[in-house]
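One structure is given here, and the rest of the page talks about it.
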Amino acid sequence: MRVEKRVLNDALRVLGKVICQTSPVELYRSVRFVGDVDGVMSMATDGVETVSVAVDAFAESEIDFCVPFKELKDLVRMGRSETIELTGKFIEFPELEEPSADAISAILPVNFGELLAQAAPIVDRTGYRRVLQGINLSSAGVTATDGKQLLHLPCVLALAKDVTIPFPSALLAAKTSEMGTLLVWDKFFQIEIGNFSWHGKLLEGQYPNWRGVIPSPESHDYSITLHDPEKAIAWVKMIPSQKSTNGVELNVMTDGSVTLVSCIQPNFELNTQATVTGVQPRAVLTLDREIILRMLLQGYTTFKAHSDGLVPVIASGGAGQYIAMPIRTINKNPIQPKQEEKKMEIENNVVEQQNAAPVVNPLDELNANVEEFRGKLKLLLDESGVLIRKVKEVALIQKQKERDFIQARRAIERIRMAI
């Protein structure tokens, strides 16, 4: 079989998502090529899921052989010719479960792959609840949640009941943009979109009642719409990422603007123009840094919330509804506008000039110095954390370069021995 290096590389990028290179089973770390002069399919399986991709290859006769995935990657990376000649050995491939007579069929829209790509970051891939490691499909659309946030993307799917598919790594790598078909029967599913096919088992377990999580419109009494989301995205990206509470406050000002303040760096803020409708919030709206960044990146620029901050926030403006629970902070009162701060500062200066200089309490002065020192120390710790992460990234890059050098040296030695 002859195939172009570019075509093979595109297929391996998709099939590699189900390949297990450390498996003791040779089949699970190999790629199967099957077909004839009319067409060739490349396939890979991990024993549970099976992915197939049609490849534009030439076969003189009927073929059915397997090649180790690592060997194929080496051929693509080190091959000098743009066309690769492939041969392999036959390995018995497991028969796929055939759809039953009562299988449910649903048409997938053209943007189905894009919807899954938007839902993928919400999936809890490391959690103990297996059902939360997948994406829920229903007649209402695509839904994903990790227990802290929820994203619902409306989509018409002819499904009589909700089903949960595993994390779609291979489908995301395929970057499909065509209409497809979804088949569901018993505990199995099959998705076919263009030259891509994915067969596997549905995730068992009861998916959370996401419909009951979405607040009613009456539960929100004000909303914030940011006018310059790109500026806000750039500002949020500058906040160091950390696993502990890392909130971003959205403070509503009396002049209609909104001031974003980092909870871990109180002096780091951004004043941006916004449209605020409804009542004046009594509690500052605080969202997790990762959540608000993901909201903004996906086009969600309007945040509907409750003035007391006890109701989940609904973000709109994107493809669907993004729901997240706000972070409760100690200071529940919005910060005062800068105009009022300047006015108060002027009034305080006038009072100080009129009155005699007050006697400074040494204990109060000491407490003030201690608090100032704590703030500076916290800022230094945050900056040191950023430096540590950068050092680790540089170390990883260096290790990768060393591995690449060793692989290149071994390849050169093999070429010399062949010559």
Side-chain angles (χ1 to χ4, degrees), residues 148-151 213-242 244-318 320-348 375 378:
K148 301 176 183 179
Q149 53 188 326
L150 183 146
L151 177 63
V213 174
I214 300 178
S216 60
E218 297 79 14
S219 60
H220 296 136
D221 53 11
Y222 81 99
S223 68
I224 300 173
T225 301
L226 301 180
H227 294 173
D228 192 356
E230 296 298 331
K231 184 178 179 181
I233 290 173
W235 179 84
V236 175
K237 285 183 177 180
M238 296 175 64
I239 301 176
S241 177
Q242 60 184 38
S244 58
T245 302
N246 189 3
V248 174
E249 296 180 356
L250 286 80
N251 298 273
V252 177
M253 316 299 284
T254 56
D255 61 353
S257 64
V258 170
T259 299
L260 307 181
V261 180
S262 170
C263 291
I264 63 172
Q265 295 179 335
N267 295 327
F268 185 57
E269 61 181 48
L270 170 70
N271 185 268
T272 181
Q273 293 298 315
T275 299
V276 181
T277 60
V279 303
Q280 183 71 15
R282 293 182 291 272
V284 176
L285 176 59
T286 306
L287 296 173
D288 183 77
R289 181 247 187 204
E290 303 299 329
I291 292 178
I292 190 172
L293 178 59
R294 192 174 298 116
M295 287 177 173
L296 294 173
L297 289 173
Q298 294 191 10
Y300 296 90
T301 57
T302 298
F303 306 92
K304 299 178 182 179
H306 190 270
S307 56
D308 290 333
L310 302 177
V311 178
V313 176
I314 294 183
S316 59
Q321 290 181 312
Y322 201 135
I323 295 91
M325 195 66 189
I327 300 175
R328 299 191 64 179
T329 55
I330 297 177
N331 182 15
K332 302 254 185 350
N333 295 322
I335 63 173
Q336 295 178 337
K338 292 185 178 180
Q339 295 87 348
E340 295 184 7
E341 289 181 353
K342 292 181 179 179
K343 181 179 179 181
M344 292 179 60
E345 185 178 357
I346 294 173
E347 293 177 352
N348 291 335
K378 185 176 181 181

- Item | Evaluation steps, side chain to side chain contact (heavy atoms under 4.5 Å, CB included), between S219 and H306 | CA-CA 7 Å; S219 60; H306 190 270; 5.7 Å; no
Quick one: [atom1] on [X] to [atom2] on [Y], what's the gap to the nearest 0.5 Å?
{"X": "E290", "Y": "N246", "atom1": "CD", "atom2": "CG", "answer": "7.0 Å"}
{"X": "R289", "Y": "L260", "atom1": "CZ", "atom2": "CG", "answer": "13.0 Å"}
{"X": "M295", "Y": "I323", "atom1": "CE", "atom2": "CD1", "answer": "8.0 Å"}

- Could you tell me which residues satisfy side-chain contact (heavy atoms from CB on, under 4.5 Å) with A274, sequence neighbours excluded, listed by chain and number? I224, L226, V258
- Message: Could you check whether any side-chain N or O of D288 sits under 3.5 Å from a backbone N or O of I327, counting only pairs where one atom can act as donor and the other as acceptor?
- Response: no
- Any donor-acceptor N/O pair, D221 side chain to S307 backbone, under 3.5 Å: yes
- Can you list the steps and then say if Q298 with L151 is a side chain to side chain contact (heavy atoms under 4.5 Å, CB included)? CA-CA 11 Å; Q298 294 191 10; L151 177 63; 3.7 Å; yes
Shortest non-hydrogen contact from [X] to [Y]?
{"X": "L296", "Y": "A232", "answer": "CD1-CB, 3.9 Å"}
{"X": "I291", "Y": "Y322", "answer": "CG2-CE2, 4.2 Å"}
{"X": "V252", "Y": "P281", "answer": "CG2-CG, 3.8 Å"}
{"X": "M325", "Y": "L310", "answer": "CE-O, 3.4 Å"}
{"X": "F303", "Y": "A315", "answer": "CD2-CB, 4.1 Å"}
{"X": "P312", "Y": "P215", "answer": "O-CG, 3.7 Å"}

- Message: Please evaluate residues V284 and V261 with respect to the criterion side chain to side chain contact (heavy atoms under 4.5 Å, CB included), reporting the C-alpha separation (whole Å), side-chain torsions for both, the decisive distance (0.1 Å), and the verdict.
- Response: CA-CA 10 Å; V284 176; V261 180; over 6 Å; no
Any side-chain heavy atom of [X] within less than 4.5 Å of one from [Y]?
{"X": "L250", "Y": "I292", "answer": "yes"}
{"X": "D228", "Y": "Q273", "answer": "no"}
{"X": "T286", "Y": "C263", "answer": "yes"}
{"X": "Q265", "Y": "P240", "answer": "yes"}

- Task: Evaluate the criterion side chain to side chain contact (heavy atoms under 4.5 Å, CB included) for residue pair L287 and V248; output intermediate values, then yes/no.
- Result: CA-CA 5 Å; L287 296 173; V248 174; 5.7 Å; no
- Item | Parallel, tilted or perpendicular: ring planes of F268 versus W235, cut at 30 and 60 degrees | parallel
- Note on the structure: Which of N271, N251, T272 passes side-chain hydrogen bond (donor to acceptor under 3.5 Å, both in side chains) with T259? It is N271
